[in-house]
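As structure tokens, the structure follows; a few thoughts come after it.
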Protein chains: 2
Amino acid sequence: MIKIEPPRLRASSDVPGGRRKQRVSMADVARLAGVSSQTVSRVANGSPGVVETTREQVLAAMSELGYRPNSAARSLRYGRFNTIGVILFGLSSIGNSRTVEAIATHAAAEGYAITLIPVGAPTQDNVLGAFTRMGELAVDGVILIIEVHLLDAAAVTLPPGAHVVVVDSDAGDRYPVVDTDQADGARQAVRHLLDLGHRTVWHLAGPAGSFSAERRASAWRQVLEEAGRPVPALERGDWSADSGYRAGLRLAGDPSCTAIFAANDQMALGVLRALHERGRRVPAEVSVVGFDDVADAGSYLPPLTTVHQDFAEVGRRCVDALLRQIHDEPTGPGTDLVATRLVIRASTAAPEV
Amino acid sequence: MIKIEPPRLRASSDVPGGRRKQRVSMADVARLAGVSSQTVSRVANGSPGVVETTREQVLAAMSELGYRPNSAARSLRYGRFNTIGVILFGLSSIGNSRTVEAIATHAAAEGYAITLIPVGAPTQDNVLGAFTRMGELAVDGVILIIEVHLLDAAAVTLPPGAHVVVVDSDAGDRYPVVDTDQADGARQAVRHLLDLGHRTVWHLAGPAGSFSAERRASAWRQVLEEAGRPVPALERGDWSADSGYRAGLRLAGDPSCTAIFAANDQMALGVLRALHERGRRVPAEVSVVGFDDVADAGSYLPPLTTVHQDFAEVGRRCVDALLRQIHDEPTGPGTDLVATRLVIRASTAAPEV
DNA sequence: GACGCTGATGTTTACGTAAACATTCTCGGG
DNA sequence: CCCGAGAATGTTTACGTAAACATCAGCGTC
């Protein structure tokens, strides 16, 4: 291990009142190294034209004083913050937190930090507030992980030149969108159940306001209609396992229901529990498919067949699209779809005859 | 009504290359309103001493030009960023994402934004890099949601005056710590099982490097020893449901094992699956307790008895402790423990006789 | 009616950095 | 032996904001 000499810091007592200078600036380093602050700047940025001996002196002074560049001054100078804002309702949904994680990781690799801007409840007012604050925030662009259609009116408050990418929502052709291919995922799920021989498929949808929920539901309906199958009444949950449980209890009472497509894995988990409690065996009597492929889905009872979403890829593409805008490369509104894939486990089977 | 001359906006074509000025500054507003930029500043900050008519003129000019304060300049001026950094390994763990969400929400309420600093793998090098970058980041303080003991050596690179709060880890008396009362939670879990009449309790611990895992395991051991019960060999997982499943398969083979305390809910889920596959009924033959009380725990089969962690409270206290440091209020190293509480559901029962 | 006080507003300056421009110095060629 | 090129380094300035200080007008007082 490398032994590091503790720097001789100005003690608080050096200055009456204990108010020691907080930051070490280039000027301090320059003074100690006996050069101009511009030379320090050149060393800090690796600019050419600094002779080796000078560079070493400066570096020594830097480490002695513990110099750290001041990012506020840098941002002011450059007019850029190297920061991306992420506006979201919450991290409680697994999809959100994994997307945010991917965004953070990929952004870090590109030299950008990310700032989280949580919006309390999905009300117009709150979103508007977040957008207003955003204008003052130290960010070069924003990724929206919210239901954008909630804020038609709020849109006017967006700074005109703002760089924006929208995830998993409808941007009404105003901004580029990165999205999981929800419709295709739902189609795969429903077709899988029909291919197994089920006459039709029930659907447990997400809440009415959600764009993802709507797209999954409409793809479900479309597949059934194209196949000429009856379309059962839609069940609705709120993404939670509890709501899935309640819907599951309702469906368990219908003996004709042999296949259920839940709009996310958590609701599917609730459905599994309800079916179990009602003594309906999965997959022998009822098949269940989820959506998301959360980490635990393979450990449900039984392991859940579900639609895998590549959240990491979504995060990566968001960052790429946003950086392209920030760097003035051509980008138009339009949707970039990330493929989904059906993961078949043990919760689906052919119906009993 | 005062007639306001329409602002002579620099059109893109004014400058070759279409590079129009990005931001509207106070000087622009001042020019349009016919006042000095200082007056604009006063209006922007609600300082007194601006006559009503002037204020209105300035406000009109602001909204006409779409003025937004430049936070880089503000930060430079004030020496503060109003931003908190959060260093973490990832958001994949439910605890982390819920803690981060609480931090973000509470920080926002206090006027602080939060910046996420993800650290790839928990290696010394990566953590060191994050700490180094942190020094250059636009943050006033940092919350560490990582295993701090990994970075004894890295500590030297922390800027001496840095404000730090550590979550769920051991700070070695260097920084204030906010933590769930892991030991007490584990004690409640084990005592609950003993109280039900189980002779002893098996423990499925988290990975060896984890401080949380160690504390839960040592509390488990302590309760058993105090009660004079035999201490079964420790099983180890990696927090994942899969690792819980594998451990569960091992334990299912031991008929004397009637009570299992898993160090988190995901591993408990895996244990439930393994027991189910091996035909051991829960809770009739084997009782299982988890830790965390994730949102889905009530929907497991059977609904899981588990230790509830108040992540929101942890997040709140982190932010409070950090802001206290930033505002120079007295804070010492020391651990602030957030209470846990056992949530009894359907996965535990008295052993069969 | 001159004095000074108060309130409204303007001017200067500093925050830390880095581009643009200026200065010094060295060294090779005529 | 002097000139000029180019390398190394220094000086000035601007980025946007806001504190500190300066100015100025109006008004009440003696």
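Each chain gets a letter, A, B and so on, in the order the sequences are listed, and its residues count up from 1. Computed from a predicted structure; not experimentally measured.
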In whole Å, I'd like the distance from the [atom1] atom of [X] to the [atom2] atom of [N].
X: B:Q57; N: C:dA8; atom1: CD; atom2: P; answer: 15 Å
X: A:L76; N: C:dA19; atom1: CG; atom2: C1'; answer: 13 Å
X: B:F81; N: C:dG16; atom1: CZ; atom2: C1'; answer: 10 Å
X: A:Q38; N: C:dA20; atom1: CD; atom2: C1'; answer: 9 Å
X: B:R80; N: C:dG16; atom1: CZ; atom2: C1'; answer: 17 Å
X: A:N45; N: C:dT17; atom1: CG; atom2: P; answer: 10 Å
X: A:N70; N: D:dT17; atom1: CG; atom2: C1'; answer: 14 Å
X: A:R77; N: D:dT12; atom1: CZ; atom2: C1'; answer: 11 Å

Ion pair present between B:R317 and B:D320, side-chain N to carboxylate O less than 4.0 angstrom?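 Not counted as a salt bridge, because no side-chain N and carboxylate O are separated by less than 4.0 Å.
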Does B:R55 or A:A73 map to a spot on DNA chain C nearer the 5' end, using the closest nucleotide for each?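 Taking each residue's closest nucleotide, the earlier one in sequence belongs to B:R55.
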Residue A:V50, side-chain atoms from C-beta onward, closest of D:dT9, C:dA19, C:dC15: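 Ranking D:dT9, C:dA19, C:dC15 by closest atom to the A:V50 side chain puts D:dT9 first.
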Shortest side-chain distance from A:S36, nucleotide among D:dA8, D:dG10, D:dA18: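 So the side chain of A:S36 is nearest to D:dG10.
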With a 4.0 Å cutoff (strictly under), does any side-chain N or O of [X] reach OP1 or OP2 of [N]?
X: A:R74; N: C:dA18; value: yes
X: B:T54; N: C:dT9; value: yes
X: B:Y67; N: D:dT17; value: yes
X: A:Y78; N: C:dA18; value: yes

Taking atom CZ of A:F89 and atom CD1 of A:I145, what is their separation to the nearest 0.5 Å?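 Between atom CZ of A:F89 and atom CD1 of A:I145 there are 11.0 Å.
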Going through the checks in order, is the side-chain contact (heavy atoms from CB on, under 4.5 Å) test met by B:H163 and B:Y175? CA-CA 8 Å; B:H163 301 301; B:Y175 308 110; over 6 Å; no
Spell out yes or no: do the side chain of A:R42 and the base of D:dG10 have one donor N/O and one acceptor N/O closer than 3.5 Å?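 Per atom types, the contact qualifies.
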Stepwise, does the side-chain contact (heavy atoms from CB on, under 4.5 Å) test hold for A:D179 with A:V167? CA-CA 6 Å; A:D179 196 359; A:V167 179; 5.8 Å; no
On the ring face of A:Y78, is A:R74 found with NZ or CZ under 6.0 Å from the centre and within 45° of the axis?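 Cation-pi check for A:R74 and A:Y78: fails.
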Select base, sugar-phosphate, or nothing to describe what A:T39 touches, counting heavy atoms under 4.0 Å on all strands.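 Result for A:T39 = sugar-phosphate.
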